[in-house]
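First the structure, in the form of structure tokens, and then the observations on it.
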Amino acid sequence: MEIFDLREFDGHELIVFGHDAATSLRAIIAIHSTALGPAAGGCRMWPYATTADAVCDALRLSRGMSYKNALAGVPFGGGKAVIIGESRQAKTPQLFEAFGRLVDSLGGRYLTAEDIGTTTADMASVARATRHVAGLGRAPGEAGGDPGPKTALGVYLGIEAAVRFRLGRQDLQGLTVAVQGVGGVGYHLCGLLAGAGAQLRVADVRAAAVQRVCEEFGARAVPVEEVLAEEVDVLAPCALGAVLNAQSIPRLRARIIAGAANNQLAQGQDGQALQAAGILYAPDYVINAGGIISVSRELHGGGTEEQVIADIQGIPARLTEVFERARRENRPTNAVADQMARELLTGRRRKRVA
Ligand code: NAD
């Protein structure tokens, strides 16, 4: 594998491969940039088909974290860890403790938290081996804990901003929103949207998760293979990455795409296709920064939940700045957000600290 020649390689500072024979841990930590602070980003556990797939994911996700952290105004660079394995079968506390030792060996250059396939309980195991971990349990009113609900809050506020910008509407009453994936983030997002009077259409590969949001929030279930093409005001991808691609974009009938999933665009040029189709795309790492904002307050210690919520309330203004600049320059929103992030990373733009 020619790592330095991979399309996903973007001048990353460090790539570490970790193995622990006793627990069968196979992990990769990628640090994209520490220009703005220690590299922060979650740990994903996924049954990657090949090591190359895992490396590419770590490279892509860690660059995304550099951009996300820069635009969120948190004092962190970008990093990400992946553990190769099926989270429902291969998980043990010892495996996460071994992962914690790997994180600790980097001396604080990388800070971890939960992501897809890992939980608050797993991070508690990591914390037995390192202090460079967040997303742990917390007392009521303290910053921290599961970042999912905080990510959902940021996405909800971002949807409101997108609706104001694209539809000129001040509220969500009666608007239709399709949510793909009603897990940790999607479930909480549905609750917020239903509370604001939106009509929900939801899809998930887990029937029980769909049933729950239908019962609790009056959502209507739609087939997994149809949800992206629903004729709705807003489509909120909250499951997997790369769902906006050359196959799906011609079928989209939403006017706004604003969801939590990381790396929603399969390729940068898909942003152009969305712009050409007149669909307003809220760049994923701008709208889904609520979780890292919570992690940031937790890592610095002494923060309160109230401060986290106040920081998250900055997301709509940042998104609107991206939307306005994209309209002014007639460019795709993802290209504008990438440029704003790169300007922060290279010091050409002043950093805003949350
Ligand atoms: P999760 O694993 O709890 O939920 C994802 C849900 O998507 C699950 O219920 C799963 O069954 C469903 N799903 C999987 N494949 C699907 C498909 N093909 N169609 C429909 N549903 C499908 O994860 P989460 O924490 O809710 O995160 C959701 C997305 O948001 C992920 O892309 C994640 O990277 C991103 N994200 C999460 C956070 C956070 O704080 N948790 C922060 C930023 C970004």
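Read the numbers this way: they start at 1 and go in the same order the structure lists the ligands and their atoms. The structure displayed is predicted, hence computed values, not measured ones.
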Query raised in the report: Is a salt bridge present between Asp233 and Arg169, judged by a nitrogen-to-oxygen distance below 4.0 Å?
Result: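 No, Asp233 and Arg169 are not salt-bridged.
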
Requested in this report: Give a yes or no on whether a salt bridge exists between Lys150 and Glu305, defined as a side-chain N under 4.0 angstrom from a carboxylate O.
Outcome: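 Yes, Lys150 and Glu305 are salt-bridged.
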
Within-cut-off N or O pair, [X] and ligand 1, under 3.5 Å:
X: Ala209; result: no
X: Ala260; result: yes
X: Thr151; result: yes
X: Leu240; result: no
X: Gly184; result: yes

Query raised in the report: Are there protein heavy-atom neighbours of atom 2 (O) of ligand 1 below 4.0 Å?
Result: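 Given the 4.0 Å cut-off, atom 2 (O) of ligand 1 does not count as touching protein heavy atoms.
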
Backbone, side chain, both or neither: what part of [X] comes under 4.0 angstrom of ligand 1, heavy atoms only?
X: Val224; result: side chain
X: Lys68; result: side chain
X: Arg44; result: side chain

**Report entry** Glu225 atom CD, neighbour heavy-atom count above 12 within 6.0 Å
**Finding:**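 More than 12 heavy atoms, drawn from other residues, nucleotides or ligands, come within 6.0 Å of this atom.
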
Query raised in the report: Got a sec: does the CZ of Arg101 have more than 12 other heavy atoms crowding it under 6.0 Å?
Result: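 Yes, because the 6.0 Å sphere around CZ of Arg101 holds more than 12 heavy atoms from other groups.
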
Query raised in the report: Angle class for the His32/Tyr67 ring planes (parallel below 30°, perpendicular above 60°, tilted otherwise)?
Result: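 Ring orientation of His32 relative to Tyr67: perpendicular.
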
Query raised in the report: Excluding sequence neighbours, so at least two apart, what forms side chain to side chain donor-acceptor pair (under 3.5 Å) with Asp204?
Result: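 Listed in chain order: nothing, the list is empty.
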
